[in-house]
Visitor: 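The structure follows.
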Amino acid sequence: MSMDKESVWVWFKGGLKGGFWMGGFKASKSPEGGIKIERPDFISCRVPEWRISTTEPSSKNKGPEIPIGAKWKLV
């Protein structure tokens with residue numbers, strides 16, 4: 001991912017129902033590490049790269065490889 005903002009899909013936890021991909025985000029690499037995601041109806045934050053897809057997922061409910069001990073949000 002470049003430093004320019006790109007349109008991306010973000011993986012969210014879904015509790016007992018499982019997770020899901022949500023589109024409509026703009027993302028860019030963060031100088032502090034990870035990816036900064038932005039969308040008008042969400043609070044901007046940094047997330048690890050494994051939660052981002054630059055292409056529309058073939059299944060909205062099939063998640064990415066989640067690393068063992070993965071952080072979901074970067075502070």
Side-chain angles (χ1 to χ4, degrees):
M1 176 171 284
S2 68
M3 289 299 286
D4 296 332
K5 291 184 181 180
E6 293 184 49
S7 294
V8 298
W9 291 77
V10 179
W11 178 254
F12 287 91
K13 292 188 223 183
L16 297 176
K17 296 180 182 181
F20 58 93
W21 289 101
M22 183 179 289
F25 287 88
K26 292 292 185 182
S28 59
K29 280 208 177 274
S30 171
E32 295 89 16
I35 306 294
K36 181 178 180 183
I37 57 172
E38 301 173 281
R39 192 169 124 165
D41 56 339
F42 278 81
I43 294 172
S44 298
C45 66
R46 289 184 307 122
V47 298
E49 291 188 28
W50 65 264
R51 285 188 59 192
I52 303 297
S53 177
T54 56
T55 58
E56 183 174 354
S58 58
S59 169
K60 303 295 189 290
N61 299 99
K62 184 175 186 318
E65 267 308 302
I66 299 174
I68 295 173
K71 291 186 178 184
W72 283 79
K73 186 175 174 185
L74 303 175
V75 183

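In this chain, numbering begins with 1 at the start of the sequence shown. Bear in mind the structure is a predicted one, so any value in this text is a computation, not a measurement.
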Visitor: Measure across Gly19 and Asn61 and return the closest heavy-atom pair with its distance rounded to 0.1 Å.
Guide: O-ND2, 3.4 Å

Visitor: Indicate whether the side chain of Lys26 and that of Ser7 have a donor and an acceptor atom separated by less than 3.5 Å.
Guide: yes

Visitor: Is it true that Ile52 and Trp72 fall in one hydrophobic cluster, defined by side-chain heavy atoms closer than 4.5 Å?
Guide: no

Visitor: Apply salt bridge (charged side-chain N to carboxylate O under 4.0 Å, His left out) to Arg39 and list each qualifying residue two or more places apart in sequence or on a separate chain.
Guide: Asp41

Visitor: Do the side chains of Met22 and Val10 get nearer than 4.5 Å, heavy atoms only?
Guide: no

Visitor: Side-chain contact test, heavy atoms from C-beta onward, threshold under 4.5 Å: evaluate it for Cys45 versus Ile37 and give yes or no.
Guide: yes

Visitor: Taking side chain as C-beta onward, heavy atoms only, is Arg46 less than 4.5 Å from Glu32?
Guide: yes

Visitor: How would you list, by chain and number, every residue that makes a side-chain hydrogen bond (donor to acceptor under 3.5 Å, both in side chains) with Lys73, sequence neighbours excluded?
Guide: none

Visitor: As an exercise, state the distance from OG of Ser28 to NZ of Lys5, rounded to the nearest 0.5 Å.
Guide: 6.0 Å

Visitor: Any chain of hydrophobic side-chain contacts (each under 4.5 Å) joining Trp50 to Leu74?
Guide: no

Visitor: Check whether any side-chain heavy atom of Lys36 sits under 4.5 Å from a side-chain heavy atom of Lys29, and report yes or no.
Guide: no

Visitor: So, taking the atom named OG in Ser53 and the one named CZ in Arg51, what distance separates them when rounded to the nearest 0.5 Å?
Guide: 13.0 Å

Visitor: Please name the residue in the list Trp9, Trp11, Phe12 that meets the ring-ring contact (aromatic ring centres under 6.0 Å, His included) test with Trp21.
Guide: Trp11

Visitor: Let me confirm one number: the OG1-CD distance from Thr54 to Glu49, rounded to the nearest 0.5 Å.
Guide: 11.0 Å

